[in-house]
Every structure is written in C-alpha cells, then in structure tokens.
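Here's the structure we're looking at; comments come further down.
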Amino acid sequence: MAPNPLLTPLGQLPGVGDDRARQLQRLELHTVGDLLLHRPRRYEDRRRFQPIAALQLDQSALVCGKIIASGLHRLRGGRSVFELILDDGSGRLHCRWWNLPFMEKYFKSGEEVVVFGKPTSLRPRTLDHPETEIIQRMETSVHLNRIAPIYPLTDGLPQRWLRSLVWRALQQFESAIAEPRPELRLAGQPMDVQGASVPAPARAQAVRMLHFPEEQADEEIARHRLALDEFIEMQIAIQTRRRNLEKNARALPCAGDNRLIKPFLAALGFNLTPAQTQVLRVIRHDLAGPTPMRRLLQGDVGSGKTVVAACAALMALESGTSAALMAPTEILAEQHGHNFRRWFEPLGIAVEVRAGGREQLSLAPLGAATLRFFIGTHALLEETFTPEKLGLVIIDEQHKFGVAQREQLVRKGAYPHLLVMTATPIPRTLGLTLYGDLDISVIDQSPPGRGRIKTFLREATSLPRVWSFIARELAKGRQAYVVYARLEAEDSAAGVKAVTKEFHHLEKIFDPARIALLHGRLPSREKEEIMSGFAANRVQVLLATSVVEVGLDVPNATVMVVENAEQFGLAQLHQLRGRVGRGAGDAFCILISAGKTEEARRRLKVMEETCDGFRIAEADLQSRGPGELLGRQQSGAPPLRFGDLTRDGALVERARDLVRGQTGPGSGS
Ligand code: ADP
Ligand code: MG
C-alpha cells in the first residue's frame, strides 16, 4: 500500500527548513495532516477593509494602508516605542508597539500593510499593538480580497508565512484527503447548520472551507462536517468496545436463588419502590446472561440506589461469587461499610472495608466457605487487592471516577459484571459519549413519604436570620449542614470564606448545640468519628467542605446552607442539596451568594426554580461547559478539535445512529 501522503513530515515540504519545522512542532504540527487540521482561531473578512476615516473608538477594525512613515523612539529606562503611520487615502492611522524595537526591521516605507485592532484614540487615530501583516504583491490571492484565516501561532512564526504554507499544502494534498468512512456516504447528505439545511461537504472540501471559506457561513459548515467525523470515530470506538465484550467475554452466572435477598428485604423496614423493583428485574436478567453486565444506574439524589446495589450484590453472593463496591471518598466508603455490615453480617456475609490505606475486617467469621463483600475507595484499585471469584463490581458515584479506573477495577476478575451508579443526571449528549458502551437504567421515582425541599437564594447580609432559622430547627431536634468553598485559605478580596475561620464564630452562635468540622484532610479515624457522631445526632451542625457532596445519608438533617454558592457548579449544588430532604418533614436549602454579576445570579436562580436534576445538569452544561460533568471521565477519549459537547448534541446523536446503522442492532439498548 502506498504511504498516506498526509503523513508526510512538514520538514519535507519546500520552504520549510529546520527552524520552521521546529516552530511548527511547538504547535503540535508534525505532518501535513496535522497542518491541514490546524484550526484558525478567527477569520478576517478582507473583502472589505474599513476606511481609516471611519474608525470608531474601541471597535475592532481591519485596515489596509500604505506606510508613509515609520520610526523607533527610545524612551527613558531602556523602553522604546516603534511607530508606523499608514495612509489609505481616507485618512492617517498611527500604529504603536512598545518595547519591541526589532519591529523596525520588518517594515519599509511604501509597503502595504494590513492591521487589525481596536482604536485607543481618534485624535490622532491610533492602534496600540495591532496584529499586522505586510502584503507582498505576488501573494495577494492568498492573503487579500478574501476571508483570511488567522491561526494560533508560536514565537517567531509569521501569520502570513503559515497561511501561505497551508495554501500550498492544500494545493498539493487536497486530493489525498479521503472520506474517512466512505461506507457512510456522508458527502451530500443534508446537514442542519445554524437552522439551514445544507449538503454536507466532502471532507476534503470541508478542510478547504476551514482555511479559506468563500462565505462566512462556510466556516460553520466546515466545522460541522469535521466535528461529525470526530464524533463518528468516537462512536466507533465505543461501539467496538461493546461488541468485543459481547463476542469475547463470558461472565459468571450471578442471578442467585433468593435465599439471601428474601431475609434481607424482610428485615429492611420498607418496601422497594416500583422503580427499584423494575431496575432489579433488569439487573437480574443481565446477571443471568453469558455476557457481562455493563449497566449504568442513574437515579437522582435520594432515589435509593444503595439498596439496589445491595440486592445486586446479594444475587452475586447467592451465586457463590464475591462482589465489590467502590466509592469515591473515604467518608462514603465508611458510611456504606456501616450500612452493609448492618445488613449483611446477620446473613453470614463478611464485609471488608478498605479505605484510607487501612483494612478493616468484618466481625463475621472468615472461613473458607464465607461469602465476601468488599467495600473501598481507590484502595480497591491497588495491586494488593486480588479478590477470588469476583462476580460483580459496583461503582458508586461513577462521575467521580474515570473510565480508566472503571476498566481497571473490572480487570480484577475474569469479566465480572459491572454496575455503575450515578446521581448526576448526564445530559443526553454526554451520556452518548461517556456511557455509550453501557446500558442505562433510570430510577425515576423517590421513596414515598419524603418532604419537600425548599430552596432560597440569599445574600450574606441575611446570614444572621439564617443562623436563627437553623437554631429554631435545632430546637425541633433537627440537624444542619453548612458547606464552604474553602478549607483554610479564605479569599477576602473575592469574599470567599474558609470553613476553619468560621468554625469558632458559629460555635458561639449555636451554643449549646454541638458543631463539628469535616473535611477531606482529616485523619480517617477522625472523619469516621465525626460522621458517626452526626449520624447519631451527637453532633447537630456539620461544617464541611464539599466532601459531603456525595452520598451521605442522614435523614434527620433538614437544613443545607452553602456559603459562596457561586463558587460551585449547579450539578454540585444539586448534590449538596440532596443531603437533606431524606426524611418525612420539609427540608431547606439556603444558598448564600454575593451574586456580584447578573449572570451569576441567573445561574443560581435555576436552583430556586427546580429540583429536577436533569434540568439542572442541562443548565450546568450550558453555563460551564462539559468539564464539570465530565470530571475525569474523558481520560482516554481523544481530544475534540472541532466538536463541542455543549452545542453539538444533534451531531453526536447523528454519529451514533450512523455508526449503529452500519454495525447493526444489538450494540446497547
Ligand atoms: P441515593 O440514590 O442518593 O444513593 P440512598 O440509597 O442513599 O440514595 O437512599 C436514600 C434514603 O432512602 C436512605 O435512607 C434509604 O434507606 C432510603 N430508601 C431507599 N429506598 C427506600 C424505599 N423504597 N422506601 C423508603 N426509603 C427508602
Ligand atoms: Mg448514594
């Protein structure tokens, strides 16, 4: 097979010497293929220059003029200013660059120059540090009278030189840009771009449009096609992983025989909700099958995922395999340890907790025949953890882990079944990319008898009233959380408080109630003591950092106060709010924020308006981008150059359907 011309090293192109090649490498541009996907950071419409006489203060403008004078002025203290004066027939423009004396070498009187910038003064008309290019007559077809790409650069690499290089590379290599998946026949298919239906360009054509669009609309059409190609590759990777699993992996049958679940449910003290029962039916079906289960269980905070996990674990244990549960924090692992010991030890199951680098063995006997259930944090990923006959792996609060960690835990056994749980509702777009290889179940119903959670947005001036409100709740026997964005280093300039500073202040305010301080850096034993103290109502007010964000379950707590709420993502606030409202009475979430900007206030307003985790996640995605929700998820996935998960939902779905259409049904449901 002939080598792919797009893999030609840039150093082999005419006009690219060692120095230039090194500069290009600094931009991660190694081959012709890399260069052709170097995305312009913006475009300049050079079909229309602005007359110098029409420039407006502080409004970006593109001007083309002839150099009529230039000079370098030395200032005191070794400083200098280089100045050019341009004339375009309508008027004169001063361009100034400070402390860049070498600029003098680049310009000669009489040359035509294009400059782009915002006027800082109109008398005389002045641009400070504009972007600039000298136009040489022979190259006008590349640089002028068109929409010109402006690329990200690196030290010493001129814009004009790079643009010429891209131009020449396109002339030479455009025909080598093949359709990556010709079987999908994308070119010519209708594509929805900014509300208009346009035929998708071939990839080669899209690459040309990316660099040298003929119309402004071409920029977005090109981005669309190139983003679609990225999403298609992503979906192929996801769906291939899934198919390989189905083809090669054989799971241990783990559906159980009810002998443990029956007494467990009888002792539980409540009935499962229909939603929980339905999910368990699906899980049992998965566990009985020969293909390892790969299931995401999504259920809003408080929907009761832990009990579902316990039942799934019992199915595996009944089948004679061991099972493991991984939680993102030590505090949560300890809480699970506490619950599962209470639930499982009467059934003769040994519960082992591995958190914070120490091992805590169950009181139940560890004979050879004993059923074993492991609970831990990342400690479960360590090499020393080698459970025998691992049938089921459960990951709680999956969004706190990466895909790589998920895979690492699954590799502990010979294809154990996998159940991942998350309370963070994943907007559909992200779900298709992050969890595309998982089947998804949703618990869409809360356990009965829950009170409402009322949410209030308040400014710091209301704090005294908030504290007396808490005091009244405490008098009724209730408990409260107060969460801070910072542990120690407060940021007084930005008004961000630190929990350690506030502790003594609140201790006095809530006297005689007991308050305690919880954060991730405490020694494990102390964390455990504080948590169990709060759970048993020996502590009434828990001051904490966002370590309490996930999983904690203390139904008697009815107030959640978040100071500097603007410092948190909405999804995170929703998680925090989920710590209350777990009992029968009404609960309260009070978000304290200075709300300096209108934007910040609007964002937090969403919390007052809805308790629907799904709407909140969508709002978060819009306002903060996917980073927050992705967490460490994306590790492993290729970076997106053109695709944008916050905007390209429709493209992701299209890619998924296209790839599915090719590989046939059966890859997920
Ligand atoms: P999450 O889905 O947020 O992990 P949990 O599993 O912590 O929720 O459950 C929240 C609370 O609801 C726990 O106290 C749990 O015991 C309780 N719970 C779970 N299922 C039911 C049910 N079917 N009926 C009543 N209470 C339930
Ligand atoms: Mg939970």
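Every number for a ligand or one of its atoms is a count from 1 in the order of the listing. The structure presented is a predicted model; accordingly, all values stated were derived computationally and were not measured. Just so you know, these numbers use all the heavy atoms, side chains as well, and skip hydrogens, waters and symmetry mates.
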By number and element, which atoms of ligand 1 are closer than 4.0 Å to a non-hydrogen atom of Leu272? 23 (N)
Output the list of atoms in ligand 1 that are nearer than 4.0 Å to some heavy atom of Val301, sorted by atom number. 3 (O)
What part of [X], side chain from CB on, backbone N/CA/C/O, both or neither, has a heavy atom under 4.0 Å from ligand 1?
X: Gln276; answer: side chain
X: Thr273; answer: both
X: Asp396; answer: neither
X: Arg579; answer: neither

Hey, can you tell me if Phe456 and Phe588 have their rings parallel, tilted or perpendicular (30° and 60° cut-offs)? parallel
Could you check whether any side-chain N or O of [X] sits under 3.5 Å from a backbone N or O of [Y], counting only pairs where one atom can act as donor and the other as acceptor?
X: Ser322; Y: Phe373; answer: no
X: Ser532; Y: Glu528; answer: yes
X: Glu318; Y: Asp257; answer: yes
X: Arg579; Y: Leu552; answer: yes

Tell me, which protein residue and heavy-atom name are nearest [atom], and how many Å apart are they?
atom: atom 15 (C) of ligand 1; answer: Asp553 OD2, 4.2 Å
atom: atom 18 (N) of ligand 1; answer: Phe270 CZ, 3.7 Å
atom: atom 11 (C) of ligand 1; answer: Arg450 NH2, 3.4 Å
atom: atom 4 (O) of ligand 1; answer: Thr306 OG1, 3.6 Å

Trp343 and Val307, any side-chain heavy atoms less than 4.5 Å apart: yes
Measure from atom 7 (O) of ligand 1 to every heavy atom in His336, Arg582, Lys305 and give the option owning the shortest one. Arg582
Among Ala423, Gly581, Ser446, Gly304, closest by heavy atom to atom 19 (C) of ligand 1 is Gly304
Just distances here: any N/O of Gly302 and N/O of ligand 1 closer than 3.5 Å? yes
Please, which pairs that meet ring-ring contact (aromatic ring centres under 6.0 Å, His included) have at least one residue in residues 519-561, sequence neighbours excluded? Tyr481-Phe534
Please identify which of these residues, Val410, Leu390, Leu287, meets the side chain to side chain contact (heavy atoms under 4.5 Å, CB included) condition with His417. Leu287
